[in-house]
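Reading through the C-alpha cells given below for one structure.
The figures here come from the full heavy-atom set of this structure, side chains too, leaving out hydrogens, waters and symmetry mates.
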Amino acid sequence: MTLTQQDHNPFKPVKPSKKRTGQLIMHSTIMFGREFCYAVEAAFVTPVLLTVGLPKSLYSIVWLISPILGFLLQPVVGSVSDRCTSRWGKRRPFILILSLLMLLGMALYLNGDALISGTWKTWAIIITMLGVVLFDFAADFIDGPIKAYLFDVCTHQDKQKGLHYHALLTGLGGALGYLTGAIDWGATILGKYLGSEFHVMFFFGALVFLLCLVVHLCSIPEAPLVDTSGETKVLVKNSQPDQYGAIESVKNNSECSEMQISPKEEKLTTKADSQVQRQITIMSLLEALLNMPPHYRSLCLSHLMGWTAFLSNMLFFTDFMGQIVFEGDPYAPHNSTAYRTYKRGVEIGCWGLCINAISSSVYSYVQRALLPFLGLKGLYFVGYLLFGLGTGFIGLFPKVHPTLTLCSLFGVMSSTLYTIPFNLVANYHKEELNQKHDEAADSSRGKGIDCAALTCMVQLAQIIVGVGLGLLVSAVGSVVVVVISASAVALLGSCFVALFVRYIDESNK
C-alpha cells in the first residue's frame, strides 16, 4: 500500500482546538514551581556557598558555567525537540528530563554540606558548585520547551492567554518562595527534625515543584509527531539544511523525496536517517541562527538588552540595598554595627524582590486590559521605559521607602520579558502559516528553535552581566554603578523596541 505525502504527512499541521481556562492554568503551574525554586536559590545559595567555604575566586566560575552551557546547547535542544518522535509528544520528554535535573541540582547545593564534611571539605565544595550549575542550567533551559509546548497545542488566542497565565503564576511562585525563605526555619520543629533550614527549603522546593510538574504534564495532551502504525514510512529530507529553522521545515514536493521502506530495512534506514539529522543539527545550526530573518534577529537583540538590564539590577539589588541604601559594610567584622546594618539592608532588599514578584503577577493582568489600547508595541516600550526610569531614580536617590515603592516597576519589566517577545513569536508564526495555508506541508519555522533562540539571550545576558559588571564595580568602587547601568541599558532598549522590532497589525488578520 502506497502512502502519499498529502494524506499521511507526519509534518502536516493540525489546527489546535480551543483550550479551557483550567487547562491553560494547569499548563502554567510549572512556572509557579520553577520560580519558587528560583527564589529559594536566590535566598540561600550565597549562604550555602559561604557555609561550605567556597573561595571568592571561584564565585565567577559558578555563575558563568551554566549560562555558557545554556547559550551553546539551548538551540540544539530546541531543534531536537522540534523533531522528537516520542509517543508522549515533542516537548514533554524534555521538560521531564530537565525537571529531574533541576531537582537533582537543588538537592546537591542545599544538602552538599551535609553529604560530605570533615577532612573531605573539598568534596563538599565541589558537590555544592555542581548543584548550583546543574540547577541554573536546567531551570534556564526548561523555559524554551515549556513555551514551545504551549505554542504547539494552543490556538493563537490561547497562546496569548497562556503567556499571561505564565507571567501571573511566575510572579506568585516567586513571591511565595521569597516569603518562605524569609522564615527562620531553623528554630521550628520542622527545622529541628530535618536538620537545618537548608533541608527544610529543599523539602518545600521539591514538594512544590513536583506537584506543579505533574499538573503541567497532565494539562494538555501532545500528539506524536510521526505515525508509525503503517508498514511503510515517509522520510522527508530538506534540500536546504542551512536555512533558519529548516530542521522542522518541509517545502514542496519538488524539494522533498519520498521512499518506501520495508519492515526488514526499516531499522537500518532509520538509523542512517537519524545520523544524517544529527549531522544537520550540529553542522548547520550555528549558520542557521546567523541567517535568521531580520525581524527575528531584532527581537533577539531587544530581548538581550532587556534581560541584561533586568539581571544587572536583580543580581546586585540586595547588595545595593545593604551597601548604598543602608550604608552598611559587608566586609566589616560580623559582630560590628556596620555588618549588622548591611545584613538588615539585605533583608529589606529581599522584601523588595517580593514586591517585584507580586507586581509582576498583577501587571500580567493589567497587560491584558491595556493590550487593545497600546498594542504589543506600546506594552513593550512602556515596560522598558518604566524600568529604566525606576532604576535611574533608585540610583540617583537611594532612600529606603522610594526604593521599595519603585521595586514594583521591576515586576512590570519581568512580566514584559516573559510575555511580549513570545507573543511576537506567536504572531510571526501565525503570519507565516497564513502565507502558506495552501501548501500541503507545514513550512512554518520550528517553534522549538525559535523559543530556544529567545531564551539563549537570557544566558548571553547572564554572561555579559557576570563578566562585565564585576569589572565595572571594581573599577568604579561602588555598587551604584550597577543600577545606573541597568537604567541606561533599559532606556536604550526602549528606543530599540520602538524603532527596530517588527510588529504585526492583528486587526488585519
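Of all the heavy atoms in Ala175 and Ala357, the pair that sits closest is N-CB, 3.4 Å. A pairwise comparison of heavy atoms in Pro398 and Ile324 identifies CB-CG2, 3.8 Å as the closest pair. Contact detail for Met321 and Ile348: the closest heavy-atom pair is CE-CG2, 3.6 Å. Between Asn427 and Ile504 the shortest heavy-atom distance is O-CD1, 3.3 Å. Residues Leu311 and Ala461 share a closest heavy-atom pair of CD1-CB, 4.1 Å. Here the shortest heavy-atom pairing between Arg297 and Met292 reads NH2-O, 3.0 Å.
Side-chain contact between Glu41 and Asp136: present, with at least one pair of heavy atoms (C-beta onward) separated by less than 4.5 Å. Counting only heavy atoms from C-beta outward, the side chains of Leu379 and Thr416 never approach each other to under 4.5 Å. Residues Glu431 and Arg502 are in side-chain contact: their nearest non-hydrogen atoms beyond the backbone lie under 4.5 Å apart. In this structure the side chain of Leu24 reaches within 4.5 angstrom of the side chain of Cys154, judged on heavy atoms. In this structure, the side chains of Arg91 and Asp82 come closer than 4.5 Å at one or more pairs of heavy atoms. No side-chain heavy atom of Leu304 sits under 4.5 Å from any side-chain heavy atom of Cys300. At a threshold of 4.5 Å between non-hydrogen side-chain atoms, the residues Ile142 and Arg34 count as touching. The side-chain heavy atoms of Ser414 and Phe310, taken from C-beta on, include a pair separated by under 4.5 Å.
The distance from the NZ atom of Lys19 to the CG atom of Leu150 is 9.5 Å, given to the nearest 0.5 Å. Within the model, atoms CG of Leu409 and OG of Ser359 stand 7.5 Å from one another, a figure rounded to the nearest 0.5 Å. The SG atom of Cys84 sits 8.5 Å away from the CD atom of Glu222 when rounded to the nearest 0.5 Å. The CG atom of Leu134 sits 5.0 Å away from atom CG of Leu104, with the distance rounded to the nearest 0.5 Å. Interatomic distance, CZ of Phe135 versus CE of Met102, reported as 4.0 Å (0.5 Å rounding). A distance of 9.5 Å separates OG in Ser478 from CD1 in Ile484, rounded to the nearest 0.5 Å.
For the pair Ser312 (side chain) and Ala486 (backbone), a donor-acceptor distance under 3.5 Å is absent. At distances below 3.5 Å, not a single donor-acceptor pair connects side-chain atoms of Ser360 with backbone N or O atoms of Asn356. Checking side-chain atoms of His164 against main-chain N and O of Ser364 turns up a donor-acceptor pair under 3.5 Å. Although no hydrogens or angles enter the test, the distance criterion places no donor-acceptor pair under 3.5 Å between the side chain of Ser415 and the main chain of Val412. With Lys377 contributing its side chain and Ala498 its backbone, the two residues share a donor-acceptor pair below 3.5 Å. The closest donor-acceptor contact from the side chain of Thr318 to the backbone of Cys350 lies at 3.5 Å or more, if one exists at all.
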Handout entry: side chain to side chain contact (heavy atoms under 4.5 Å, CB included) assessment of Thr308 paired with Val465
Key = CA-CA 7 Å; Thr308 300; Val465 170; 4.2 Å; yes
Practice task
Would you please test Phe137 and Phe141 for ring-ring contact (aromatic ring centres under 6.0 Å, His included) and show each step?
Solution key: CA-CA 6 Å; Phe137 173 79; Phe141 239 80; 4.6 Å; yes
Exercise for the section: Please test Ile95 against Leu213 for side chain to side chain contact (heavy atoms under 4.5 Å, CB included), starting from the C-alpha separation and ending with a verdict. Expected result: CA-CA 9 Å; Ile95 294 173; Leu213 174 64; 4.2 Å; yes
Exercise for the section: Would you please test Ile355 and Ile358 for side chain to side chain contact (heavy atoms under 4.5 Å, CB included) and show each step? Expected result: CA-CA 5 Å; Ile355 293 173; Ile358 294 174; 5.9 Å; no
Exercise for the section: Go through the steps to decide whether Phe500 and Phe496 satisfy the test ring-ring contact (aromatic ring centres under 6.0 Å, His included), and finish with yes or no. Expected result: CA-CA 6 Å; Phe500 298 105; Phe496 189 90; 5.1 Å; yes
Exercise for the section: Show your reasoning for whether side chain to side chain contact (heavy atoms under 4.5 Å, CB included) applies to Cys354 and Leu179. Expected result: CA-CA 7 Å; Cys354 184; Leu179 290 176; 3.9 Å; yes
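Taking a 6.0 Å sphere around OH of Tyr503, one finds it holds more than 12 heavy atoms contributed by other residues, nucleotides or ligands. For Arg344, the CZ atom is loosely surrounded, since the number of other residues' heavy atoms within 6.0 Å does not exceed 12.
Aromatic ring pairs are classed by plane angle as parallel below 30°, tilted from 30° to 60° and perpendicular above 60°; the pair Tyr339 and Tyr342 is tilted. Ring pair Tyr418/Trp307 is perpendicular by interplanar angle, where above 60° counts as perpendicular and below 30° as parallel. Using the six-membered ring where Trp is involved, Phe32 and Phe36 have ring planes that are parallel, under 30° apart on the 30 and 60° scheme.
Proximity of the aromatic rings of His295 and Tyr428 is defined here by a centroid distance below 6.0 angstrom, and this criterion is met. Aromatic rings from Phe317 and Phe410 are positioned such that their centres are separated by under 6.0 Å. Annotation: Tyr380 is in aromatic contact with Tyr384 [ring centroid separation under 6.0 Å]. Between His156 and His429, the distance from one ring center to the other does not fall under 6.0 angstrom. Between Tyr165 and His27, the ring center distance fails the sub-6.0 Å criterion. Ring-centre distance between Phe422 and His166: not below the 6.0 Å cut-off.
Side chain to side chain, Gln323 and Asp319 meet the donor-acceptor criterion of an N or O pair below 3.5 Å. Side-chain atoms of Thr419 and Gln367 include a donor-acceptor pair closer than 3.5 Å.
Screening Asn423, Val497, Val501 for a side chain to side chain contact (heavy atoms under 4.5 Å, CB included) with Leu376, the sole residue that qualifies is Asn423.
Taking the charged nitrogens against the carboxylate oxygens, Asp152 and Arg92 have no contact shorter than 4.0 Å, which rules out a salt bridge.
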